[in-house]
Each structure stands twice: as structure tokens, then as C-alpha cells.
Amino acid sequence: MSSKATNVHGTAIVVGKTGLLFLGPSGSGKSSLAFACLAAAKPLGFPAALVADDRVFITQRDGAVIAECPPSIAGLMEIRYTGIVRLPHVSEAEMHYAIRPVDPATAERLPPEDEKADVTESIRLPLIRLSAASANPLAVIMAKTIISLG
């Protein structure tokens, strides 16, 4: 872990070469949405891996936002009501977008354009709000971004 890393409550994954950092309070659907994205990537032929679930070390390195996994939880993800599962993982990856699960009953229908999320006191990422009940979260994320494969 880098010396200036901040421990963030969230889930980090990488699809292709695009890093997605799911942020929100406990029980908001971060892990479920991240898991659904990982599962959806495989049949599309996208390489995808877990970086970290629940706790993520965030640092800035050469202008890039880097997510690192605490070694004690490497490859482990909690799927609420199911338990802990072991998944393909990487120890660190660059993050490109913050994803915030929202409750469709209370969320703004059209969030502000070019919205950013404060990941730490000094690190911000472009924010994508996503229904916690989304049937295909990766498709929604892909509609808002370009998933980089190379």
C-alpha cells in the first residue's frame, strides 16, 4: 500500500482497463452491482476482475487514481444474503469512474451533467448514478462511458 493511501468504504472492480469504484453507505447495493458487472462482462468477452470489496485503499500516483486491495481480503466479496465468494482479482488498478447506487423511489430522475464524486479530500472521479435495482448495470455504465479494452 502506498504511504498516502486513504481507506475508503467501497468496492473496486476493473472491466477491460476501465476501473469502477462503487461508493455508498452500507447496504446500498455496491457489492451486488459490482458483482453483476463482473458477471455480465464475461459473456461479452471483456476481461474483468475484483480489486477490493468493502475496504479499498485509494491513492494518487502520477495523476492516476489507484485502488489497492488490503491483502487480508484479496479476492473476497460479500454477496449480501449469500455469503463470501472468491473471485478472480487483481491487487490494484486505476479507477476511472465512481458509481453511486441510488434508490429509484427517491433519486433525481436526471442528475447534473458532468457530476463528480469526492472519493477522498483531494481525489474526485466522474460520477455515474445507478439504480440499486438495475437488471443490467454494466450495460447502463457502458452507455455512459467507454469501456477500454486496450
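Residue numbers run from 1 in the order of the sequence given.
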* Asked: How many angstroms lie between atom CG of N136 and atom CG of L130, to the nearest 0.5 angstrom?
  -> 9.5 Å
* Any chain of hydrophobic side-chain contacts (each under 4.5 Å) joining L38 to F22? -> yes
* Asked: Are I123 and F57 connected in a single hydrophobic cluster, I mean Ile/Leu/Val/Met/Phe/Trp/Tyr linked by side-chain heavy atoms less than 4.5 Å apart?
  -> no
* Check V90 against A93 and note the closest heavy-atom contact, atom names and distance. => CG2-CB, 4.4 Å
* Decide whether V14 and L23 are clustered together by the hydrophobic rule: side chain heavy atoms of Ile, Leu, Val, Met, Phe, Trp, Tyr closer than 4.5 Å, transitively. => yes
* Applying side-chain contact (heavy atoms from CB on, under 4.5 Å), name anything that partners A41, two or more places apart in sequence or on another chain. => V15, F46, A48, L138
* **Listed partners of D118 passing side chain to side chain donor-acceptor pair (under 3.5 Å), at least two apart** => R124
* Asked: Is V140 linked to M142 within one hydrophobic cluster, defined over Ile, Leu, Val, Met, Phe, Trp and Tyr using a side-chain heavy-atom separation of less than 4.5 Å?
  -> yes
* Atom CG in D54, atom OG in S26: separation rounded to 0.5 Å? -> 7.5 Å
* Which of these, I58, L21, T59, sits in a side chain to side chain contact (heavy atoms under 4.5 Å, CB included) with V65? -> I58
* To do: Please answer: with hydrophobic residues joined when any side-chain heavy atoms are less than 4.5 Å apart, are I66 and L125 in the same cluster?
  => no
* Could you tell me whether the side chain of L50 reaches within less than 4.5 Å of the side chain of T11, counting heavy atoms only? => yes
* Identify the two heavy atoms, one from C69 and one from A74, that lie closest to each other, and give their separation to 0.1 Å. => SG-CA, 3.6 Å
* Asked: For the atom pair CD1 (I141) and CD1 (I99), what is the distance rounded to the nearest 0.5 Å?
  -> 4.0 Å
* Asked: Can you check side chain to side chain contact (heavy atoms under 4.5 Å, CB included) on S31 and R80, steps first, answer last?
  -> CA-CA 8 Å; S31 297; R80 196 171 288 254; over 6 Å; no
* Give a yes or no on whether a salt bridge exists between R100 and E115, defined as a side-chain N under 4.0 angstrom from a carboxylate O. => no
* Structure fact -> Closest non-hydrogen contact found for A117 with A98 is CB-CB, 3.7 Å
* Please test F35 against I79 for side chain to side chain contact (heavy atoms under 4.5 Å, CB included), starting from the C-alpha separation and ending with a verdict. => CA-CA 8 Å; F35 181 75; I79 308 295; 3.7 Å; yes
* Structure fact -> Here the gap from S28 atom OG to H9 atom NE2, rounded to the nearest 0.5 Å, amounts to 7.0 Å
* Structure fact -> Of all heavy-atom pairs linking K30 and P25, the shortest is NZ-O, 3.0 Å
* Mind checking the SG-CG spacing from C37 to L20? Nearest 0.5 Å is all I need. => 6.5 Å
* Structure fact -> Distance col, row R55:CZ vs I73:CD1, nearest 0.5 angstrom, shows 5.0 Å
* To do: Have a look at M95 and tell me which of V56, V51, V119 forms a side chain to side chain contact (heavy atoms under 4.5 Å, CB included) with it.
  => V51
* Asked: Quick one: does H89's side chain get under 4.5 Å of M77's, heavy atoms only?
  -> no
* Stepwise, does the side chain to side chain contact (heavy atoms under 4.5 Å, CB included) test hold for D53 with L76? -> CA-CA 7 Å; D53 182 45; L76 302 177; over 6 Å; no
* Heavy-atom closest pair, residues R61 and E68 -> NH2-OE2, 3.8 Å
* Can you list the residues that meet the salt bridge (Lys or Arg N to Asp or Glu O under 4.0 Å) rule with E78, with sequence neighbours excluded? -> none
